[in-house]
Amino acid sequence: MARVLLFGPLRDLAGWREREIEAASLAALRGFLVDEDADLGAALAGPGVQVAVDQAVVRGDVGLSAGSEVAFLPPMSGG
Amino acid sequence: MARVLLFGPLRDLAGWREREIEAASLAALRGFLVDEDADLGAALAGPGVQVAVDQAVVRGDVGLSAGSEVAFLPPMSGG
Amino acid sequence: MIRLAEQPFDPGALLSEFTRGRAETGAVATFTGIARAERGATTVLELEAYPGFTEAEIGKIADQARERFGLHDLAILHRVGKIGPGEPIVFVATAAGHRRAAFEACDFLMDYLKSKAPFWKKEHGPDGDRWIEPTAQDHADRERWS
Amino acid sequence: MIRLAEQPFDPGALLSEFTRGRAETGAVATFTGIARAERGATTVLELEAYPGFTEAEIGKIADQARERFGLHDLAILHRVGKIGPGEPIVFVATAAGHRRAAFEACDFLMDYLKSKAPFWKKEHGPDGDRWIEPTAQDHADRERWS
């Protein structure tokens, strides 16, 4: 089970902020989310959205293990 | 009697900081001081030394009245 | 010190602590950003961070600032959550031998914090809520350092 | 607020007071100058002002800064007398709508205070006393604004 976190406008779009989702890889997780909510799935793949796994930004696909934390980070606004 | 104030290095050179001196004009005051202490007199006329009468910087000669405050201001160092 | 704060804070208390006991630091610059009321247009600002990640990302820029400007020390405190008009949002302090370095480092850190730091910002105004992005000015300010 | 202080002061207390109750000010910048120990080279700094005249001259530059940078407010506190290593010498705070104006005004005021304000400065060091003048850097900093 990965712990999935959404930030900023993604959270409002999805209607949730944090969920536990079973997925062996980031690609599998994206697939699960796009099947469930096409709008959210598109937004997660949108321009400027970064993904952090265990608080480190990753590119492309990576494997997930039990207890991985996956955060979708929309463009940052600064403080 | 004018109240005469010296600041910064002028004070160290003269050995005093404040005195009451009888003088009808700034020129008369300078004359009195140069007669008394030629080194001080020269320093008061030195480059960058400004004179304030009643806290306003003046140029050239001005008349002094009883209770005038005359300050000799060597080049300012900033804080 | 790099920290997120859920509650209002007093920038003066942070400056007192930051200046105390410095004998070789000639210069301390600070910046405090305050939520503007905009004459009623914005009632509440809401700032979201990613705890842990946000401090770590700010820490990377702080390390750049230390090196680039030869800082003796720095402190950054950033509010998160709901912030009312007049409340401080961010405090940055920089300590250096001389004032040019302290000023420039503080300016540099603020330009980063305002344009690129991992925060998401929402305004709750009289006409509803909206997410806000850095302004063109924020980006232009940030570009000065590259 | 433009004031000379005979006694040590806490810059944080001044900042607390300065930031309190601001709803339209987005930005407060401060600078605190601290007497450096210079690893024992300077034991005590002595600053002389001309009370009344010094505040009035600083006030003229403060008015320039208000106008030039559109400041909402400013505060300047300057120590006089004997100042030990680690003690604050000067505190400047500027309040503006946005940060660029607050930073630039603070920087401008410090350049004036360090190079041209009516103070006379003496160092009491291990090798005796000496009067000091602004450095070439101080003059160069000041020239940036003309």
Side-chain angles (χ1 to χ4, degrees), chain C residues 9-42 45 72 84-100 102-104 106-111 113-114 135 137-138 140-141 144, chain D residues 9-42 45 72 84-100 102-104 106-111 113-114 135 137-138 140-141 144:
Chain C
F9 66 90
D10 172 11
L14 297 170
L15 178 58
S16 295
E17 191 186 319
F18 192 74
T19 48
R20 200 170 292 140
R22 298 200 176 275
E24 299 299 340
T25 286
V28 170
T30 75
F31 181 83
T32 305
I34 299 173
R36 278 189 303 272
E38 306 281 13
R39 296 177 179 77
T42 307
L45 191 69
H72 298 180
E87 289 181 11
I89 302 171
V90 57
F91 174 81
V92 173
T94 53
H98 296 275
R99 72 184 181 284
R100 184 77 29 238
F103 270 130
E104 289 188 356
C106 196
D107 197 7
F108 169 88
L109 288 166
M110 277 308 306
D111 282 350
L113 289 166
K114 287 296 288 182
T135 64
Q137 183 64 54
D138 288 331
D141 287 345
R144 297 183 302 145
Chain D
F9 66 91
D10 172 11
L14 297 169
L15 178 57
S16 295
E17 192 185 319
F18 192 75
T19 47
R20 199 170 292 140
R22 298 199 177 276
E24 298 299 340
T25 286
V28 171
T30 76
F31 182 82
T32 305
I34 299 173
R36 278 189 302 272
E38 305 281 13
R39 297 178 177 76
T42 306
L45 190 69
H72 298 180
E87 290 181 9
I89 302 171
V90 58
F91 174 81
V92 173
T94 54
H98 296 274
R99 72 185 182 284
R100 183 77 31 238
F103 270 130
E104 288 189 356
C106 196
D107 197 7
F108 170 87
L109 288 166
M110 276 308 306
D111 282 349
L113 289 166
K114 287 295 289 183
T135 63
Q137 183 64 52
D138 289 330
D141 287 344
R144 296 183 302 144

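The sequence lines fix the lettering, A, B, ..., with proteins before strands; numbering per chain opens at 1.
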Q: Pick one of side chain, backbone, both or neither for D/A13, based on which atoms fall under 4.5 Å of a heavy atom in chain C.
A: backbone
Q: Pick one of side chain, backbone, both or neither for D/A35, based on which atoms fall under 4.5 Å of a heavy atom in chain C.
A: backbone
**Q.** Interatomic distance, D/K114 atom NZ to D/L109 atom CG [nearest 0.5 angstrom]
**A.** 14.0 Å
Q: To the nearest 0.5 Å, tell me how far D/R20 CZ sits from D/L15 CG.
A: 10.0 Å
Q.
So for D/F91, is it side chain, backbone, both, or neither that comes closer than 4.5 Å to the heavy atoms of chain C?
A. side chain
Q. Can you name the closest pair of heavy atoms from D/A95 and D/V28 and give their distance?
A. CB-CG2, 4.2 Å
Q: Under 4.5 Å, counting heavy-atom pairs only, tell me which of C/T94, C/V92, C/L14, C/D111 racks up the most with chain D.
A: C/D111
**Q.** When D/A27, D/G33, D/G21, D/G12 are compared by non-hydrogen pairs under 4.5 Å with chain C, the top option
**A.** D/G12
Q | Among the listed options C/R22, C/R100, C/M110, the residue most often paired with chain D at heavy-atom distances under 4.5 Å | A | C/R100
Q) What part of D/D107 is in contact with chain C, defined as an atom under 4.5 angstrom from a non-hydrogen atom: side chain, backbone, both or neither? A) both
Q.
So which atom in C/A102 and which in C/A29 form the shortest heavy-atom distance, rounded to 0.1 Å?
A. O-CB, 3.6 Å
Q) About how many Å separate CZ of D/F103 and CD of C/E104, when rounded to the nearest 0.5 Å? A) 11.0 Å
Q | Closest non-hydrogen atom pair, D/F31 against D/C106 | A | N-SG, 3.6 Å
